[in-house]
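Before any comments, here is the structure.
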Number of protein chains: 2
Amino acid sequence: MATPTPQAAPPGGLRERKKQRTRDALIRAALELFTEQGYEATTIDEIAEAVNVSQRTYFRYFANKEEVAFAVQEMVEARFLQELRERPADEAPLTALRSAVMTAWDEIGSAIESMVPVELHMRAYRMIESTPALVAAHLRRSSDLEEQIAQLIAGREGLDVDADPRPRVVVAAFCGVMRVAGKVWGEGQECSVASIRRLTQSYLDHIGPAIADTWRDR
Amino acid sequence: MATPTPQAAPPGGLRERKKQRTRDALIRAALELFTEQGYEATTIDEIAEAVNVSQRTYFRYFANKEEVAFAVQEMVEARFLQELRERPADEAPLTALRSAVMTAWDEIGSAIESMVPVELHMRAYRMIESTPALVAAHLRRSSDLEEQIAQLIAGREGLDVDADPRPRVVVAAFCGVMRVAGKVWGEGQECSVASIRRLTQSYLDHIGPAIADTWRDR
DNA sequence: TTGTCAACTGTCAGCCACTGACATTAGCCT
DNA sequence: AGGCTAATGTCAGTGGCTGACAGTTGACAA
């Protein structure tokens, strides 16, 4: 799986490409089936069969049934974290967070599209929000991500998350806003990546004034 | 017209009492097994066998494996909501929330003890926090409860939760504090109900000053 | 080219969570 | 006492998930 394979990124050997294709096919088939007939009503056998692999193979790519539903989000989050790690150290926390998202969105669009159509991803997002079992998983994932971001921000500032509450607070506010942006996007019609980028920007623009010292001046 | 119930309030019929006993026994056995050997490592067959009922009977009391782990919390939350509904309408939202918790704790102690030893409940709480599958369920439950409370508060104030953000904001702050109090309690040694009541009170006492205008005076 | 190695996959057997159908038991009420 | 019905047990089956083993196929060197 993630063994030290010294190969290029795009080509990477026939084997590697085949694996990637199978993985993408599984994700695509799963999301298609989930959104069409519902998550619970879809069996892993169906997904596997749609891609012409055995059920066992599915479980070699994804640890469980949920995981495939979050594959795209997983990728988006990883890119964001990477972007955040690369922000210059002298940026203020909220600025770094904001810049990381905005920069990330620019390239994420095509990254998503190379996995599944954005429109399918949007339908999948809505499906998650309306499936109790997936809502739970989603919350847990969000909570984990938030913690990771908080650790990262604390690291940048040389703080300890357990000693100083500020990292967690900033990150909580940031993630809260991102969550709302995501929700609004999911409820809207515009399913383009550009629209969520615009939404994100607009919402983040409100966070500064709300937190800044000028707050008290109203 | 006349109530033909020749029995006291608590019993209420042999059948009813038997059911209650079975339910309590299932909860107790489950928590005992979960905390001793872990959640995943415990099968429902084991729980059922410990109470001398069939697996099928377990599923007539609880919808799934998780549910039994949250039975006590479920009860606590129900009591709190009931208490909140009974608060006078002219109380300010945060005051009503605060009063409801504090009042609820007074009676909840014995209510918990009548189900399982408080010490077991505390171990169960810790077990939940360290079991990924249960963390997810816990988050989802919390999120649901928060929404219910927000609706209730909005109702008291004659507001619409979707139109006015204030109900959700107050409730979010309140629940956040409650969550922290619960977490601190779980990490501490003192497993008495009195201690969590004290913790709750102390934490809630900080909410006012933190929100009030005097904040800027530090 | 070919042979070896390692990775990937399929098959099979099995555990466990969960459910519907039906038979059986046991409170409840007249 | 006997009928009604809720509670329980039994059975069979589905689907998520895993370990073990064997077959296949890409990678790489001789």
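- Residue A/T22 is the one, among A/T22 and B/N64, whose nearest nucleotide of DNA chain C lies closer to the 5' end (criterion: closest heavy atom).
- With hydrogens and angles left out, the side chain of A/R15 and the base of C/dA7 share a donor-acceptor pair within 3.5 Å.
- The side chain of B/F59 lies closest to C/dC18 when the candidates are D/dG9, C/dA7, C/dC18.
- Between A/S54 and C/dG10 there is a side-chain N or O to OP1 or OP2 distance below 4.0 Å.
- Closest to the A/R60 side chain, of the nucleotides D/dA6, D/dA20, D/dA27, is D/dA20.
- B/L14 has its CG atom 16 Å from the C1' atom of D/dT5, to the nearest Å.
- The distance between atom CG of A/L33 and atom P of D/dG16, rounded to the nearest whole Å, is 12 Å.
- Counted by atom type alone, A/Q37 and A/T42 present one or more donor-acceptor pairs between their side chains at under 3.5 Å.
- Distance OH (B/Y39) to P (C/dC16): 14 Å, rounded to an integer number of Å.
- Note that the CZ atom of B/R23 and the CE atom of B/M115 stand 5.5 Å from one another [nearest 0.5 Å].
- The separation between B/E16 atom CD and C/dC28 atom P is 9 Å, rounded to whole Å.
- Geometrically, B/K65 engages B/Y39 in a cation-pi contact, judged by NZ or CZ lying under 6.0 Å from the ring centre and within 45° of the ring axis.
- For A/R56, counting side-chain heavy atoms from C-beta on, the closest listed nucleotide (C/dC18, D/dA7, D/dT18) is D/dT18.
- Summarising the geometry, the separation between NZ on A/K65 and P on D/dG16 is reported as 5 Å, rounded to the nearest angstrom.
- When the nucleotides C/dT9, C/dC16, D/dA6 are ranked by their closest atom to the side chain of B/T43, C/dC16 comes out on top.
- Taking side-chain N and O atoms only, A/K19 has a distance below 4.0 Å to OP1 or OP2 of C/dC8.
- Distance CD (B/E46) to P (C/dC15): 14 Å, rounded to an integer number of Å.
- C/dT19 atom C1' lies 18 Å from atom CZ of B/F62, rounded to whole Å.
- Listed for the A/E46 side chain is a donor-acceptor partner under 3.5 Å among the backbone atoms of A/T43.
- Applying the side-chain hydrogen bond (donor to acceptor under 3.5 Å, both in side chains) test to every pair with at least one member in residues 173-191 of chain A, sequence neighbours left out, gives these pairs: A/W185-A/S195.
- Side-chain atoms of A/Q55 lie closest to D/dG16 of the nucleotides D/dG9, D/dG16, C/dG10.
- Listed pair B/Y61 / D/dT8 meets the phosphate criterion, a side-chain N or O lying under 4.0 Å from OP1 or OP2.
- Distance B/R17 CZ to C/dA26 C1': 15 Å, rounded to the nearest Å.
- Residue A/K18 places no side-chain N or O under 4.0 Å from the OP1 or OP2 atom of C/dC8.
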